[in-house]
Amino acid sequence: MAPTRTVVLVALVLSLPGSADSFQPLFSFKGNSSTHRDITQRAVLRETAEACKAIAAAEGRDFTLKINNSLSVGQVVSACSSTGTSDSVLSTVMFHTSIANMYFSNAMVDVVFALSQERHFDDETFQGGRDVIIAGVSAVKASVKLESFVSGRWSLGRVCHTLQDFYSHSNWVELGSRTPYSALIRPDQPLENLAGPSTPTCRNCTRGNCTNNLLPEVLQQGLLTSGYFDVLSSAKPAGKCSHGGTFDRTSRQDPVGGINKDDTAASHGSLHHTAADLAINATVELLEDIRLAVGDKNFLRLMGLSQSSVLCFVIDTTGSMSDDIAEAKRVSFSIIDSKRGTQQEPSAYILVPFNDPGFGPLIMTTNADVFKDSINKLSASGGGDLPELCLSGLQLALTAAPPSSEIFVFTDAAAKDAHLKSTITALIESTKSVVTFMLTDTLSSRRRRGLQSATPRSLSQSDAQLYRDLAQASGGQAIEVSKTDLSLATSVIEDSSAGAVVTVFQAVRNPGTPDNFTFTVDGSLRNLTAYITGASSLTFNLTSSTGASQSSSQSSGPLGSFTTVGNLRRFSLNTDNQTGSWEISVNSNDPYTLKVTGQSSVNFIYNLVEAYEGAHGDYSLKEGRPLTGGNTSLLVSVTGSDTVKVSEVTLVEGSGGSREVNGSLQSVGSGNFLVTFRDVPAGDFVVRLKGEDSTTSRSATTSSSFQRQASTQIKTSSISVTAQANSTTIEPGSTISVPFTVSMTTNGVVNDTASGTFTVRANNDRSYTSSSPATVSIAAGSGGKANGTVTLTVPASAASGTDVTLTIEAENAAATDINYAVLRLSVVAEVTDFTSPVCQVVSISATCPSSSSLCSSSQWEFSANLTDGINGTGIESLTVRQGNGTLNTSTAVGAGGENVTVATYSASCCSQNVELVAVDAAGNVGTCAGQVKATTTTSAAPVTTTAVNPTSTGGHTLTISQSLWISVVVALLWK
Ligand SMILES: *[C@@H]1O[C@H](CO)[C@@H](O)[C@H](O)[C@H]1NC(C)=O
Ligand SMILES: *[C@@H]1O[C@H](CO)[C@@H](O)[C@H](O)[C@H]1NC(C)=O
Ligand SMILES: *[C@@H]1O[C@H](CO)[C@@H](O)[C@H](O)[C@H]1NC(C)=O
């Protein structure tokens, strides 16, 4: 379908109220129907818990959590936490954020691919739907291999949508199946018993009752079908079932009615819960396949189950930076060495060097020693008196780091690439990462070590302002300090690497003006720290809830102690028994920032969401800035407590004034709220949440008020930029076209009489070749919209699994307003290997005593040949999934010339089962299992071969030859 037509149709679909062609994506306000969000979250929690259980078993730890559909995020995080949970502060923010990432990308399928039959298994597109799933699962596995977990989550969310829709849109449930249709995730299994293109499948519903509209012969023969769906045309093949519902025009034509189970009020709504439960189980099965392919640890990283953030440095390596590099090294080594093996050990390390003319490469590793080695190799050289490519380096870090990371930039020079400012700001907004700058010797001459002629240079105020603006947009700080004092300022890096750091309060006054600020300290907060950046003339006075007070003239006093280094004051607060409202009065006419942080489990995450136009329908993730004067909605999730009551969510003006916009709250279950703000004015805002938590109080009987604030500023814009690629994946060596539309809005609505010219910038984080018009113009009388197209070309050498973030910005002619669209694409090479490694058991030798008390003195052995066949991509890993014996492997060449991995496993007779997992280079998984029976005889074992995950009901039988191409379980049945 031509992109323009897609856009038109999508707009049409979106303008139809409640035209949900799937499980409801995010919210179910009526009834207790399950949404794609619920289904995805439940499956993720279950499979994450399974992975933790397996790791615990392997490490000999107890895992007592009962795994079922009612798990909460908090329960899974605490069960997965390997150290005792009672005294450490656990944060669920990262896991919550990752899950949200997956359900938002899942829900987006209804917007981006609203009319794709395959994406929803409509119109009997079983082969097409499975192709979507298989390609998507390959993309996820490829991303994990490259440690691109964020893009892996985007792909995974999309795949889950299609998989889940199968259970609502097909008659699988009506056929009596109560297990997932495994062939949908196994390309080497045939799709069988599909109703032929001319086979009638439905009859008319009677008086709106569709309970028995599937033809009896379809049910008797176990024929698989799905409903036809169209919002424009009522045409469908004769006798075929429809999806059903108000917006499906095909359902008004014979046979009338439909078969979908999207919610409890749908045509087959009485089967909604069965379909939703099966969709959960199918999603678990898909996650299990990915988990087997990538291993438990990587699976948990894909799920985002992490207590710790990444340690991310962007470092200027020009000649004058050797002291700074030495300090970055010292502080990172100190963090690594003090946290190794603890829950606060950084989940990954990112290093991006930059200078002039180069930047990068980005080094991202989970291995602390690799990071140490990389930072050891940094040396300050070259550069000279030119500004450096700071923002290019920062851009790399922002796109590689997980969302909400804190990034530290070390430099002493102006950015040569200041033109990237708006792109960087857009990235900060969309990733919610915090950027803190360590600016050294900005006010004195820049020293030029190793250079003959030291060019006196300092960062001008306007150069420094660029860094301050970016820090401010992200909720970070621009710390200006002398090189000799840098080591005193890097304590902020150590602070941020503590676990479960939350922002209690943050404010900026730029231009500076004296002001009083209040914030609430709750009983769950530990290690409360206040940071104040500003001129040396700044003075302040802090008053606690009990009236104790301390001024900036006392570096140590009743409320704690503070140090001053450069423009930063770091105040360690003593909050014992002083919960409640605190006040800080700041006296300064120069710009300043205030930030109060602490450690606590209680926090929140939020995402901008957008209602489908004109609908009582649903919402989807909104990227880009909200529209000035319009309504803005957030999906807010409170983390770390099941007992929190949220009393208010407010947009608080960021830098200039103290305007506040209160949101109206609607609970959508389990600590999640849909918050709507009316008529948000022009400006920048941060989200503040206030509430009561009865569990965080030190005295069990009273509840405690708390507040948390988000770091990232939300800016409004009157420009609307929308863009849509017709695919979210690109093959290496190919070019994708992305049509986009720019319009002007008034009070959140497109102004169709507007005209004007806009500067367009398209940036991608991989430096791939792209082209875009330099400007687009809205001509008078054109309906207020201007269209353009960005093309992006992926080099043939790009690795499968690489993610690309494309940002398309439009700026008005006066350069006073800007908005942008963000597209996340994955590079995915065409998959040709769909077959899983196969296993042939060669022998099992055993003399295991029947008495368990004697088992430790005997050994048994298992050997098997595994191959990916002559045309496969080859076995890449072979691991023991079950059993605690020793695995040895060697390679051989089989009779047909194929590579064979010869596995020899030996174990104590106390461990009588083994399951091996073989994964090929394309991520296909094969398993191989054996069991020894406790007996004193050593006769040869009768061997039977059965398929793992045998396909379930519905008449889908497997032939022996097919089952050999499937992962094989060898069960030794002794009688
Ligand atoms: C889903 O799986 C669970 C656990 O394996 C099982 O108890 C439940 O019955 C399954 N649900 C359906 C609808 O088959
Ligand atoms: C801050 O509070 C002090 C003491 O309550 C008051 O004198 C002062 O006017 C306030 N300043 C501002 C800017 O509101
Ligand atoms: C944080 O607080 C805990 C006690 O709640 C204390 O043991 C720890 O040393 C503190 N950490 C820092 C960095 O102050």
Side-chain angles (χ1 to χ4, degrees), residues 40 44 94-95 97-109 112-113 132-162 286-287 290-291 293-294 298-306 310 312 347-348 350 362 364-366 395-405 426-427 430-433 607 621 623 723-725 727-732 734 736 738 763-768 770 792 794-795 797-807 821-831 922-923:
T40 305
V44 164
M94 271 183 266
F95 196 26
T97 304
S98 306
I99 294 172
N101 197 176
M102 291 183 263
Y103 63 63
F104 277 124
S105 99
N106 180 324
M108 286 282 255
V109 173
V112 179
F113 302 105
V132 165
I133 293 172
I134 298 306
V137 170
S138 301
V140 175
K141 290 173 179 173
S143 294
V144 173
K145 232 177 175 177
L146 295 187
E147 306 201 325
S148 304
F149 298 107
V150 176
S151 85
R153 276 173 221 137
W154 284 99
S155 303
L156 180 55
R158 285 191 288 261
V159 180
C160 288
H161 187 102
T162 301
L286 177 135
L287 293 172
I290 293 169
R291 187 184 137 206
V294 305
N298 270 333
F299 178 75
L300 293 184
R301 292 173 69 199
L302 175 67
M303 294 298 104
L305 185 85
S306 172
V310 295
C312 180
S347 57
I350 299 174
L362 173 135
M364 176 155 164
T365 175
T366 49
Q395 184 181 19
L396 273 190
L398 277 166
T399 45
S404 308
S405 293
L427 270 174
S430 72
T431 61
K432 302 196 182 81
S433 285
N607 283 283
L621 184 68
E623 303 235 38
Q724 210 163 70
S727 170
T728 50
T729 57
I730 333 169
E731 282 185 22
S734 70
I736 192 170
V738 181
N763 281 293
N764 72 83
D765 58 317
R766 298 279 168 197
S767 305
Y768 291 163
S770 92
L792 178 74
V794 177
S797 60
S800 193
T802 307
D803 51 298
V804 194
T805 306
L806 174 67
T807 312
V822 180
L823 285 103
R824 293 162 219 280
L825 307 163
S826 314
V827 177
V828 182
E830 198 191 343
V831 179

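Numbering of residues begins at 1 and proceeds along the displayed sequence.
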Applying salt bridge (Lys or Arg N to Asp or Glu O under 4.0 Å), name anything that partners [X], two or more places apart in sequence or on another chain.
X: K432; answer: none
X: D803; answer: R766
X: R291; answer: E47, E288, D296

Worksheet item: Which residues pass the side chain to side chain contact (heavy atoms under 4.5 Å, CB included) test with A400, sequence neighbours left out?
Response: L362, M364
Discussion item. According to side chain to side chain contact (heavy atoms under 4.5 Å, CB included), who are the partners of V828, at least two apart in sequence or on a separate chain?
Written reply: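 V828: side chain to side chain contact (heavy atoms under 4.5 Å, CB included) contacts with A139, T729, S800, S826.
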Any idea which heavy atoms bring [X] and [Y] closest together, and the distance?
X: S143; Y: S151; value: OG-OG, 3.3 Å
X: A829; Y: P732; value: CA-CD, 3.7 Å
X: F299; Y: L287; value: CE1-O, 3.5 Å
X: A798; Y: V827; value: CB-CG1, 4.0 Å
X: A397; Y: C312; value: CB-SG, 3.8 Å
X: A293; Y: K141; value: CB-CE, 3.5 Å

Would you give the length of the straight line joining atom [atom1] of [X] to atom [atom2] of [Y], rounded to the nearest 0.5 angstrom?
X: R824; Y: E623; atom1: CZ; atom2: CD; value: 4.0 Å
X: I133; Y: C160; atom1: CD1; atom2: SG; value: 9.0 Å
X: N764; Y: T399; atom1: CG; atom2: OG1; value: 9.5 Å
X: L823; Y: W154; atom1: CG; atom2: CH2; value: 10.0 Å
X: L156; Y: L286; atom1: CG; atom2: CG; value: 6.5 Å
X: T40; Y: F104; atom1: OG1; atom2: CZ; value: 12.0 Å

Does the side chain of [X] reach to within under 4.5 Å of the side chain of [Y], using non-hydrogen atoms?
X: H161; Y: F113; value: no
X: V44; Y: Y103; value: no
X: E147; Y: R301; value: yes
X: I730; Y: Y768; value: no

Worksheet item: Just by modelled atom types, is the L302 backbone N or O under 3.5 Å from a matching donor or acceptor in the R153 side chain?
Response: yes
Practice prompt. Return yes if some donor-acceptor pair links the side-chain N/O of D765 with the main-chain N/O of T805 below 3.5 Å, else return no.
Written response: yes
Worksheet item: Can you name the side-chain hydrogen bond (donor to acceptor under 3.5 Å, both in side chains) partners of T431, sequence neighbours left out?
Response: S433
Fill in: Intermediate values then yes/no, side chain to side chain contact (heavy atoms under 4.5 Å, CB included), R158 and V112
CA-CA 10 Å; R158 285 191 288 261; V112 179; over 6 Å; no
